[in-house]
There are 2 protein chains.
Amino acid sequence: MVRYYTRIGLLKPRAQQENGYRLFASQDAQRLRFIRLAKRLGFTLSEIREITEHADHGKSPCGKVRRIIQDRIKENRAKIEAMLTLQNRMEEALKTWESMPDGVPDGDHVCHLIESFESDDDPDR
Amino acid sequence: MVRYYTRIGLLKPRAQQENGYRLFASQDAQRLRFIRLAKRLGFTLSEIREITEHADHGKSPCGKVRRIIQDRIKENRAKIEAMLTLQNRMEEALKTWESMPDGVPDGDHVCHLIESFESDDDPDR
DNA sequence: GCTTGACCTGTGAGTTACGCACAGGTTGTA
DNA sequence: TACAACCTGTGCGTAACTCACAGGTCAAGC
């Protein structure tokens with residue numbers, strides 16, 4: 001993970017020693033801690049990059065931070081609802097299938113269990 | 001999407017016509033409908049490929065289908081819980097930040113809003 | 001001094017389910 | 001015959017890593 005962050009330029013270890021090994025100073029460790037905190041709060045790596053670059057230029061990233069997390073809360077709510085919908089669909093399917101036997105496929109059908117949901121209203125046509 | 005499914009071999013249009021256009025027979029349309037139903041039920045494309053290949057060899061995929069969806073229900077439950085945890089964390093952060101002013105970054109700190117969560121118990125180390 | 005094994009390095013590729021762009025071929029219409 | 005509106009395959013980009021690889025470095029033991 002540290003290798004990856006270094007690769008994409010999110011971490012910049014202070015120096016290559018003459019043996020080729022990277023040297024991480026305490027500031028680098030602090031930066032890594034920051035990244036992990038931000039990730040825990042739902043920030044993506046590219047957002048974190050924006051934030052740290054902003055800060056590295058001496059500008060306060062706090063406004064950006066507040067805005068991002070507000071958006072993220074909304075996005076997340078939508079995702080959670082979609083996943084709950086899916087969960088209900090899966091559970092319903094499993095229950096329906098309890099009373100159905102396995103079938104053998106023919107040219108027209110792949111799996112009648114799945115195809116039994118054919119008539120359900122499908123949002124995308 | 002159809003182009004993509006054809007590319008990865010999930011859809012196999014019956015023939016190339018002599019003008020180079022693909023010809024989708026009704027079986028292909030049926031196959032596409034199957035794919036979309038399965039996706040709606042939480043199956044991934046590679047699972048769908050396994051299922052259809054199984055069926056194309058005349059073997060019943062129903063057992064596999066039941067097993068996959070049972071696993072998926074468990075996975076999904078875990079994911080939903082993780083997202084709810086995240087959602088709580090984000091909302092808590094936003095609330096905490098309401099009473100905090102923006103700050104200017106210095107060498108040691110990037111954004112004090114985010115760093116104010118430093119002391120929270122972090123599962124990974 | 002030499003060998004071994006445990007470290008470290010950068011980099012390429014794979015993961016999911018597409019979307020977009022590109023260069024080029026085909027078709028129908030004015 | 002010009003042109004727009006289709007179609008084709010293919011390559012690249014997405015997020016956040018992980019794995020594998022080939023090779024360099026270091027400490028310990030013989």
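Every chain is numbered from 1 and lettered A, B, ... according to where its sequence line falls, protein lines coming before strand lines. If you're wondering where the values come from, they're calculated on a predicted model, not measured in any experiment.
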Inset, instruction - From the options Asp28(B), Leu32(B), Ile35(B), Leu10(B), select the one residue that forms a side chain to side chain contact (heavy atoms under 4.5 Å, CB included) with Val2(B). - result: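 One option only clears the test, and that one is Leu32(B).
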[X] has an atom [atom1]; how far is it from atom [atom2] of [N], in whole Å?
X	N	atom1	atom2	answer
Ile48(A)	dC17(D)	CD1	C1'	13 Å
Lys12(B)	dG9(D)	NZ	P	15 Å
Arg22(A)	dG24(D)	CZ	C1'	14 Å
Ile8(B)	dG14(C)	CD1	P	15 Å
Met1(A)	dC8(C)	CE	C1'	17 Å
Glu47(A)	dT14(D)	CD	P	15 Å
Tyr4(B)	dC12(D)	OH	C1'	14 Å
Arg72(A)	dA15(D)	CZ	P	11 Å

Inset, instruction - On DNA chain C, check which nucleotide each of Tyr21(B) and Leu45(B) is closest to and give me the residue with the more 5' one. - result: Leu45(B)
Legend entry - Nearest-nucleotide comparison on DNA chain D, the residue closer to the 5′ end among Glu18(A) and Phe43(A): Phe43(A)
Can you tell me if [X] uses its side chain to pair, donor with acceptor, with the backbone of [Y] under 3.5 Å?
X	Y	result
Glu115(B)	Phe34(A)	no
His112(A)	Pro101(A)	yes
Arg72(B)	Gly42(B)	yes
Arg31(A)	Thr52(A)	no
Arg40(A)	Phe117(B)	no

Inset, instruction - Would you please say whether a donor-acceptor pair under 3.5 Å links the side chains of Gln30(B) and Arg33(B)? - result: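 Result is yes, a qualifying pair exists.
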Inset, instruction - For DNA chain D, determine which residues of residues 23-34 of chain B have any heavy atom closer than 4.0 angstrom to one of its atoms, and list them numerically. - result: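 Close to the strand, none.
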Inset, instruction - Mind checking Arg3(B) for me? I need base, sugar-phosphate or nothing, with any heavy atom below 4.0 Å counting as a touch. - result: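 Base contact - Arg3(B) has a heavy atom under 4.0 Å of at least one base atom.
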Legend entry - Polar pair under 3.5 Å, donor/acceptor by atom type, side chain Arg7(A), base dG10(C):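 Donor-acceptor pair under 3.5 Å: no.
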Taking only N and O in the side chain of [X], is any of them less than 4.0 Å away from OP1 or OP2 of [N]?
X	N	result
Tyr5(A)	dA16(D)	no
Asn19(B)	dG25(C)	no
Lys39(B)	dT16(C)	no

